[in-house]
Participant: 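Mind looking over this structure? Questions follow.
Only a predicted model underlies this, so the values are computations on that prediction, with no experimental measurement involved.
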Amino acid sequence: MGRLNERFAPDCTILVDGHRVPARAGERVTSALIAAGRPLLSRSPKYHRPRGPFCLAGSCASCLVRVDGVPNVRACETPCRDGMRIETQNAVGGASHDLLGAIDWLLPKGIDHHKMATWNQLANRVAVKASRQLAGLGLLPDEVPAPWPAASDERFEALVVGSGPAGLGAALALARAGKKVLLAEREPALGGRLRCRLGLPGDPELAWAAEVAEAVRRAGGEVATGAAVIGLYPGQEGTQAAVVQRGEPSRMRRILAPRVVLGSGSWIQRPVFERNDLPGIHAARSLAVLLAEEGVTPGERLAVLGKGPEAAAVAKRFSQAGLKVELVEGEVARARGRSRISGLTLVDGGEVSCDALAVATDRMPAAELARACGATLALDAATGAFRVKPGEAGRIAPGIHAAGEVTGPCSAAEAAEAGRVAGEAVARG
């Protein structure tokens with residue numbers, strides 16, 4: 001495990017529980033830790049079982065750490081800089097050697113604080129207080145954070161949420177129509193799944209993202225990375241959007257736009273099997289991005305869980321990087337390992353040896369914003385997830401359209417086309 005070559009050589013150092021870890025300035029903390037062979041980043045509440053970052057994209061909350069005295073910071077969204085101080089939380093002695101991990105061993109039947117020491121009221125109070133302490137109450141920040149600047153109104157003719165293939169297709173159509181667009185992307189770079197560089201048939205090249213960004217700017221619009229749209233509020237004069245803009249300092253933006261295209265994509269979900277939260281289990285797309293952008297490899301023996309072209313492409317990508325890769329299409333019964341995954345036991349009795357697992361199974365549409373705007377959702381029986389059910393040209397509400405994986409599984413080419421159709425419909429008003 002580590003990094004591919006000198007092109008991705010570390011150029012700074014971060015401190016993790018007092019230990020020096022080499023990193024690349026600007027890469028995410030989770031990237032540096034995976035490259036350093038330290039996927040164990042946190043402990044579960046109550047039983048203190050080992051956990052590691054899973055989604056690597058800000059949705060699973062399994063990588064919360066204390067950064068320079070500020071608690072509950074997502075390591076997967078925090079860029080490294082020289083001297084940054086990372087502390088693992090809810091552990092005595094650090095997550096790697098958490099003394100409280102003995103709880104899981106001493107109390108194999110679990111802690112039920114509703115029934116602990118109920119024979120005596122005082123004893124029960126002590127037991128409840130102790131269990132709460134063991135669960136981890138967290139520590140306040142070292143300093144009172146400075147208040148964010150007040151948000152000011154910003155007006156655009158259209159807002160495009162997400163810069164994956166669907167968002168890019170919509171933004172390009174709007175820019176070509178001369179519309180002033182805000183293309184908001186929560187990640188630090190444009191492209192969505194195109195950043196994986198899997199080269200699936202029909203996939204647009206990642207360079208397309210830069211071309212779209214240039215077209216948006218030429219039309220008077222803005223391309224904002226690190227801009228998370230956390231709320232949409234439709235009204236008679238259009239839609240108000242609350243946007244968290246990351247930076248130094250971070251700030252809140254209030255966007256007013258008469259038209260919105262949602263290309264919010266999808267979330268990876270943990271596959272259901274015993275011990276599915278062991279460190280070393282990660283989202284396949286995110287691992288592919290780390291490989292492409294930071295040269296990070298998660299181990300020496302990688303299992304890729306999933307079926308279809310994307311899983312096969314991920315397996316091929318890491319095999320080309322020199323890893324021993326096994327594609328697992330069967331159902332997993334449990335993961336093996338103590339502080340990190342060491343293998344899989346399949347339902348059919350088969351065994352897979354690995355030190356990392358890339359999950360490329362069905363994804364869940366990121367339908368939160370669409371649902372808040374009144375979109376109709378439908379259960380996708382094939383994936384077991386709810387997806388947005390759009391109308392003509394992706395319309396889900398007055399002035400709001402959706403395109404891409406938020407409406408269900410689709411290829412990147414299909415998402416780009418759906419985005420184009422939605423963008424052109426929005427441009428026509």
Side-chain angles (χ1 to χ4, degrees), residues 151-197 203-232 238-247 250-265 289 293 366 369-370 373 393-396 399-407 412-429:
S152 58
D153 290 347
E154 302 176 60
R155 295 183 181 275
F156 291 85
E157 292 180 273
L159 167 66
V160 176
V161 181
S163 72
L168 292 173
L172 182 59
L174 287 159
R176 284 175 172 169
K179 301 297 183 183
K180 181 184 176 183
V181 180
L182 172 61
L183 176 58
E185 169 56 58
R186 67 192 306 272
E187 289 285 304
L190 302 179
R193 74 173 105 168
L194 302 183
R195 294 170 63 198
C196 300
R197 298 170 175 83
D203 273 8
E205 296 289 337
L206 179 59
W208 181 46
E211 297 170 7
V212 174
E214 180 58 28
V216 169
R217 296 188 183 103
R218 279 200 307 269
E222 177 186 346
V223 177
T225 55
V229 179
I230 61 172
L232 290 175
T239 297
Q240 293 189 51
V243 181
V244 174
Q245 182 68 65
R246 297 187 182 280
S250 295
R251 60 192 173 96
M252 182 70 76
R253 305 175 64 178
R254 184 165 55 227
I255 306 299
L256 304 177
R259 299 286 185 271
V260 176
V261 178
L262 289 174
S264 46
V289 172
E293 298 184 353
L369 290 173
C373 295
R395 185 180 182 276
I396 59 173
I400 302 177
H401 293 240
E405 285 190 309
V406 70
T407 65
E414 292 168 337
E417 175 61 15
R420 180 192 66 78
V421 171
E424 291 180 348
V426 166
R428 290 193 298 269

Participant: Could you pull out the closest heavy-atom pair between Lys179 and Ala427, with the gap in Å?
Facilitator: CE-O, 3.5 Å

Participant: Carefully, step by step, assess Glu154 and Arg254 under the rule side-chain contact (heavy atoms from CB on, under 4.5 Å).
Facilitator: CA-CA 6 Å; Glu154 302 176 60; Arg254 184 165 55 227; over 6 Å; no

Participant: Looking at Ile396, is its backbone amide N or carbonyl O close enough to the side chain of His401 to form a donor-acceptor pair, meaning the two atoms are under 3.5 Å apart?
Facilitator: no

Participant: May I ask you to say whether Glu222 pairs ionically with Arg253, meaning some side-chain N is under 4.0 Å from a carboxylate O?
Facilitator: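 Salt bridge present between Glu222 and Arg253.
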
Participant: Can you tell me how far the CG atom of Leu174 sits from the CZ atom of Phe156, to the nearest 0.5 Å?
Facilitator: 13.0 Å

Participant: Is the shortest side-chain heavy-atom distance between Pro188 and Thr225 below 4.5 Å?
Facilitator: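 The answer is no; the side chains never approach within 4.5 Å.
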
Participant: Taking all non-hydrogen atoms of both residues into account, name the closest pair between Lys180 and Gly220 and its distance.
Facilitator: CG-O, 3.3 Å

Participant: Hey, could you give me the CG/CD distance between Leu168 and Glu185, rounded to the nearest 0.5 Å?
Facilitator: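 That separation rounds to 8.5 Å.
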
Participant: More than 12 heavy atoms of other residues, nucleotides or ligands under 6.0 Å from CD of Glu205: is that the case?
Facilitator: no

Participant: Determine, step by step, whether Val161 and Val261 satisfy the side-chain contact (heavy atoms from CB on, under 4.5 Å) criterion, reporting the C-alpha distance in whole Å, the side-chain angles of both residues, the deciding distance to 0.1 Å, and the verdict.
Facilitator: CA-CA 6 Å; Val161 181; Val261 178; over 6 Å; no

Participant: Please report the interatomic distance OG(Ser264) to CG(Leu369), rounded to the nearest 0.5 Å.
Facilitator: 6.0 Å

Participant: About how many Å separate CG of Leu232 and CG of Leu262, when rounded to the nearest 0.5 Å?
Facilitator: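 Answer for the CG-CG pair, Leu262 versus Leu232, is 6.0 Å.
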
Participant: Can you tell me how far the CD atom of Glu211 sits from the CG atom of Leu190, to the nearest 0.5 Å?
Facilitator: 12.5 Å

Participant: Mind running side-chain contact (heavy atoms from CB on, under 4.5 Å) on Leu182 and Ile255 for me, showing each step along the way?
Facilitator: CA-CA 9 Å; Leu182 172 61; Ile255 306 299; 3.7 Å; yes

Participant: Quick one: closest heavy-atom pair of Gly191 and Pro165, and the distance?
Facilitator: O-CD, 4.1 Å

Participant: What heavy-atom pair brings Val229 and Ala241 nearest, and what distance separates the two atoms?
Facilitator: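 In this case the closest contact between Val229 and Ala241 is CG1-CB, 4.4 Å.
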
Participant: Nearest 0.5 angstrom please: Leu206 CG to Arg195 CZ, how far?
Facilitator: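 Here the interatomic distance stands at 8.0 Å.
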
Participant: Search all heavy atoms of Arg193 against all heavy atoms of Ala415 and return the closest pair with its distance.
Facilitator: NH2-CB, 3.9 Å

Participant: What's the shortest heavy-atom distance between Val426 and Ala158, and which atoms?
Facilitator: CG1-CB, 4.4 Å

Participant: For Gly169, does its backbone N or O pair with a side-chain atom of Glu417 as donor and acceptor, under 3.5 Å?
Facilitator: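 Such a contact is absent between Glu417 side chain and Gly169 backbone.
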
Participant: Quick one, Thr239 and Pro258 - any side-chain contact, counting heavy atoms below 4.5 Å?
Facilitator: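 No. Closest side-chain heavy atoms not under 4.5 Å.
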
Participant: I'd like to know if Arg176 pairs up with Glu424 as an ion pair, taking the criterion as any Lys NZ or Arg NE/NH1/NH2 lying under 4.0 Å from an Asp or Glu carboxylate oxygen.
Facilitator: no

Participant: Is the backbone of Gly429 close enough, under 3.5 Å, to the side chain of Arg259 for a donor and an acceptor to pair up by distance?
Facilitator: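 Between the backbone of Gly429 and the side chain of Arg259 there is a qualifying donor-acceptor contact (under 3.5 Å).
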
Participant: Side chains of Trp208 and Leu194: does their closest heavy-atom pair fall under 4.5 Å?
Facilitator: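 With C-beta onward as the side chain, the pair touches.
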
Participant: Heavy atoms, side chains only, cut-off 4.5 Å: are Glu414 and Glu405 in contact?
Facilitator: no

Participant: Test side-chain contact (heavy atoms from CB on, under 4.5 Å) on Met252 and Ile230 and set out the steps.
Facilitator: CA-CA 10 Å; Met252 182 70 76; Ile230 61 172; 3.9 Å; yes

